[in-house]
Each structure stands twice: as C-alpha cells, then as structure tokens.
Amino acid sequence: MSRHWVNAAIAALEADFQRSADTHLIRLDLPAYPGIPLYFKDESSHPTGSLKHRLARSLFLYALCNGWLREGQTVIEASSGSTAVSEAYFARLIGLPFIAVMPDTTSREKVARIEFYGGRCHMIEGADVSAASRALAAELGGHFMDQFTYAERATDWRGNNNIAESIFQQLRLEPHPCPRWIVVSAGTGGTAATIGRYIRYQPARNACTRLAVVDPEHSVFFDAFKDRKRCHRLDRGSRIEGIGRPIVEPSFLPDTIDRMIKVPDALSLAAMRALEGLLGRKVGGSTGTNFVGALQVMGEMKAKGETGAVVTLICDGGERYLDTYYDDAWLAVQGLAPSAAQQELIAAALGGASLARALELRDAG
C-alpha cells in the first residue's frame, strides 16, 4: 500500500473538513410550550445535504487509517441513499470508484445525486443490501464500507467536532445550555451511540440530558431496545428513507439510549408537512419522525411543569422527496397519506395537547 497515497487521501478529507463550517442550530419557540424551546440541528446544510456527510467522512478516515483502502480500489456501500450520496462525494474527492447498493424503491433524486458525484447505483429487490454489498465487493475486489457495522466506532464520541459536541457548544449562550432531551432517529444507530456516549462522558451533561430515539414502522430497533434481544427480523425495510432497519445492526447500542418511541409512518409525514409551515422549508421524512418524538417529550415536560431545551435534527432536505413524500398521489398509492385524524393530532400537539392518544405511538424506557 502506498503511504504517499494514504497521506494524500487523508489530507484531502481534512481539507474538506476545514472548508465546511459547522451546521446551524435553529431555535423554534412554540407558544404552547413556554419555557421549552425546541432546537433543530440543521444537518441538511452539509455539502452533500444530510446528516450522513459526517458519517461518510468518518468512515473514509477509519478505513484509510485501518489500511483497508488502496489506490484505485472500488468502494461499495449498502445504503438507501443519503450515506451513498455522501460517500460518492468523498470517493470522488480522493479518486476512488464508488458503487451504492440500494433498494429499488430509493427516490430518483437520491440516485441522481449519487451519479452526480460520479458514483454508480446497483439496485436490488428487498432490503438485504448488506449481503448484496459483500457479494459485490468480493466479486470486484472492492472494499465494503459497511456503515451498519462501523458507524458507532468510526466517529470519535469524546469530541473532535462530532455532532454531540457541536450541539452542546452551540447551546452555551442559550437560556438552557444543557438540554433536557436530545431526540434522534436511528438508521445505523451510530448517531445515537455517539450522542449517548458523549452525554455520559461528563457528569454535568449526564446529570441533565437524556437521549430519546424514535423508530419508524417496519424497523426492529424499538423491539430490540425493549427486550434487549438482537434476533429480531423483518422481511421488508422502512418506508421512511434513511432510518429504521429490518435487522438489529451492530452499530445499534441500546444501552446508550434512555428511551425509544415508535412512530407511525403517516404520523411522521403529517409532522413533516406541519414542519414545512413552521420553518418555511421542506424537510425529509425522518425529520418528521424526529419532530413527533420532540413533541412527545415536550408535551410530557409541560404536563409536569418542567422547563428546558429539547434538541432534534433536520436530517436532510425535502427536495430529495418531491416525487415521493411530497407527492399526494404517491402517498395514496403507498397507503401513507396522513389521515385527517393524524393531521389533527399534530395540530393539537402544536397547540400543547398530548400525543398520547395516538395509540400506535409506543414508548419504552
């Protein structure tokens, strides 16, 4: 392996990091929740448009420093879209070919973004993208990046500008610098693991902040958290792209999480639509799932007379989903159109009502 090439590749990744400013922390004050400001960490402002930009950079650095990547080698990743978009960007940056193995239901916009960065898309039926990626890597002599295994260990959870450190730094001058809750969704589980570990790393943070993870339909993470068993399996994948998995991935670490909330997909999309009106911009479906979880914990805090900040994430922008989540005809065909009752439920939650009457909204902690 050429040490010169590895050094140059790492230097290119570090230079990209220096060019990228931190993502914004957007404050949203909902009148129905006095003393409980809601903050959105806007990960859509990364160069590749999503939370996965951080992960992709970490995965490339991890693979390079472990000696797993060589000059000219094809990088292969199992991804429903956003991680592949970001990895295609970094592969092009250091001059490596890239192939994304993804379900054939992935949005056309994400496929177009991967191809824009010079990547290729290998579409499969079903949800077992990891097995297909391993087979393709073996066939081509490529490197399978394997985000679902390495997401929780590729990022330095103690600091080094990870997402958790960034959130706490940006809250320093706010009325509540130590948030009561951070609410995130899980795709690999890596972001949740990083935040959960970072919270526990210092006693002051561990005393005030708790981590809630939201899970969509057709995902096993909630059940794995509830019974601490890793044997759960489903025969289909999540309809909310980028989050939820049909198997318990190695990067999902339930003991770093304080509670989990199971969110119906149509409720996520109702919240996504509502959030567009509050922020003046379109966001992705997983951000709607995050918003439901945030409203749940905010409602509980209000009922108990508690104050404090709640933080969640804008995972990516809604422009990637114009032909899916923002297309009423597509939603109707998929059986995902939010019902009037679900839309009313979100409206009531924005007015301060509890989400507890959503019987599908399961909670464990």
Side-chain angles (χ1 to χ4, degrees), residues 51-52 55 77-84 101-106 124-135 144-155 182-197 210-269 285-286 288-290 292-293 296-297 313 315 334-336 355 358-365:
L51 168 67
K52 300 301 185 179
L55 172 61
E77 183 60 284
S79 172
S80 64
S82 288
T83 301
V101 179
M102 50 184 22
D104 56 11
T105 55
T106 302
I124 67 165
E125 293 184 5
D128 198 356
V129 287
S130 292
S133 296
R134 289 189 186 92
F144 174 31
M145 196 66 84
D146 197 1
Q147 60 166 325
F148 298 113
T149 295
Y150 297 111
E152 58 87 6
R153 65 197 74 173
T155 300
I182 298 177
V183 180
V184 300
S185 44
T188 61
T191 298
T194 296
I195 294 173
R197 287 165 166 166
R210 297 292 178 266
L211 174 64
V213 173
V214 288
D215 198 34
E217 294 178 35
H218 310 298
S219 174
V220 298
F221 289 147
F222 179 89
D223 291 326
F225 174 81
K226 190 173 181 180
D227 63 19
R228 293 302 197 272
K229 295 179 180 177
R230 305 190 72 91
C231 58
H232 297 281
R233 296 286 188 277
L234 294 175
D235 59 3
R236 60 171 299 179
S238 168
R239 296 177 294 186
I240 305 298
E241 285 190 26
I243 63 173
R245 292 293 296 154
I247 63 172
V248 185
E249 301 293 354
S251 282
F252 179 70
L253 305 180
D255 291 330
T256 64
I257 300 166
D258 293 297
R259 70 186 286 191
M260 286 197 69
I261 301 168
K262 189 78 170 179
V263 180
D265 291 347
L267 192 60
S268 292
L269 299 181
S286 57
T289 313
N290 290 345
V292 172
Q296 173 76 354
V297 300
L313 307 180
C315 300
Q334 299 295 321
L336 281 175
L355 277 167
L359 299 180
E360 310 104 315
L361 200 71
R362 295 187 289 152
D363 204 340

Quick check: does any side chain N or O of E217 sit under 3.5 Å from a backbone N or O of D265, one acting as donor and the other as acceptor?
yes
For V220, give me all partners under side-chain contact (heavy atoms from CB on, under 4.5 Å), at least two apart in sequence or on another chain.
H232, L234, V248
How would you list, by chain and number, every residue that makes a side-chain contact (heavy atoms from CB on, under 4.5 Å) with A364, sequence neighbours excluded?
F222, F225, K226
If we ignore hydrogens and angles and just use 3.5 Å, is the side chain of S251 paired with the main-chain N or O of A151 as donor and acceptor?
yes
Test of understanding: with side-chain contact (heavy atoms from CB on, under 4.5 Å), list the residues that count as partners of S133, not counting sequence neighbours.
I76, A78, V101, F144
Measure from NZ or CZ of R245 to the centre of the six-membered ring of F252 and say whether it is under 6.0 Å with the direction within 45° of the ring axis.
no
Nearest 0.5 Å, what's the CG-CZ distance between L253 and R197?
5.0 Å
Can you name the residues that form a side chain to side chain donor-acceptor pair (under 3.5 Å) with S185, not counting sequence neighbours?
N290
Please report the C-alpha distance between E152 and T256 in whole Å, then the side-chain angles of each, then the deciding distance to 0.1 Å, and finally whether the side-chain contact (heavy atoms from CB on, under 4.5 Å) criterion is met.
CA-CA 11 Å; E152 58 87 6; T256 64; over 6 Å; no
Of all the heavy-atom pairs spanning S79 and M102, show the shortest one and how long it is.
O-CB, 2.8 Å
Verdict with supporting geometry, L313 and T191, side-chain contact (heavy atoms from CB on, under 4.5 Å):
CA-CA 11 Å; L313 307 180; T191 298; 4.3 Å; yes
So, taking the atom named CG in L51 and the one named OG in S286, what distance separates them when rounded to the nearest 0.5 Å?
8.0 Å
Does S238 reach the main-chain N or O of G244 with its side chain, forming a donor-acceptor pair under 3.5 Å?
no
What I'd like to find out is whether the side chain of V129 reaches to under 4.5 Å of the side chain of P103, using heavy atoms alone.
yes
Listed partners of D258 passing salt bridge (Lys or Arg N to Asp or Glu O under 4.0 Å), at least two apart:
R200
Taking every heavy atom of G285 against every heavy atom of I240, the minimum-distance pair comes out as C-CG2, 3.7 Å
Spacing of L211 atom CG and I257 atom CD1 [to the nearest 0.5 Å]:
6.0 Å
To the nearest 0.5 Å, what is the distance between OG1 (T155) and OH (Y150)?
14.5 Å
With sequence neighbours left out, what residues match R233 under salt bridge (Lys or Arg N to Asp or Glu O under 4.0 Å)?
none
Pairing residues for T149 by the side-chain contact (heavy atoms from CB on, under 4.5 Å) criterion, not counting sequence neighbours
D146, R153, P250
Please examine the side chains of E241 and T106, heavy atoms only from C-beta on, and report whether any two atoms are closer than 4.5 Å.
yes
Among residues at least two apart in sequence or on other chains, which ones pass salt bridge (Lys or Arg N to Asp or Glu O under 4.0 Å) with D255?
R228
Pair Q296-V263, side-chain contact (heavy atoms from CB on, under 4.5 Å): steps then yes or no:
CA-CA 10 Å; Q296 173 76 354; V263 180; over 6 Å; no
Considering residues at least two apart in sequence or located in another chain, which fulfil the salt bridge (Lys or Arg N to Asp or Glu O under 4.0 Å) criterion with R210?
none
Nearest 0.5 Å, please: how far is CD in E77 from CE in M145?
7.0 Å
Rounded to the nearest 0.5 Å, what's the gap from OG on S130 to CD on E249? Could you check?
5.0 Å
Who pairs with D215 by side chain to side chain donor-acceptor pair (under 3.5 Å), at least two apart in sequence or on another chain?
S219, K262
Non-neighbouring partners of T83 that pass side chain to side chain donor-acceptor pair (under 3.5 Å), sequence neighbours left out:
Q147
Contacts of S268 that satisfy side chain to side chain donor-acceptor pair (under 3.5 Å) - sequence neighbours left out
T289
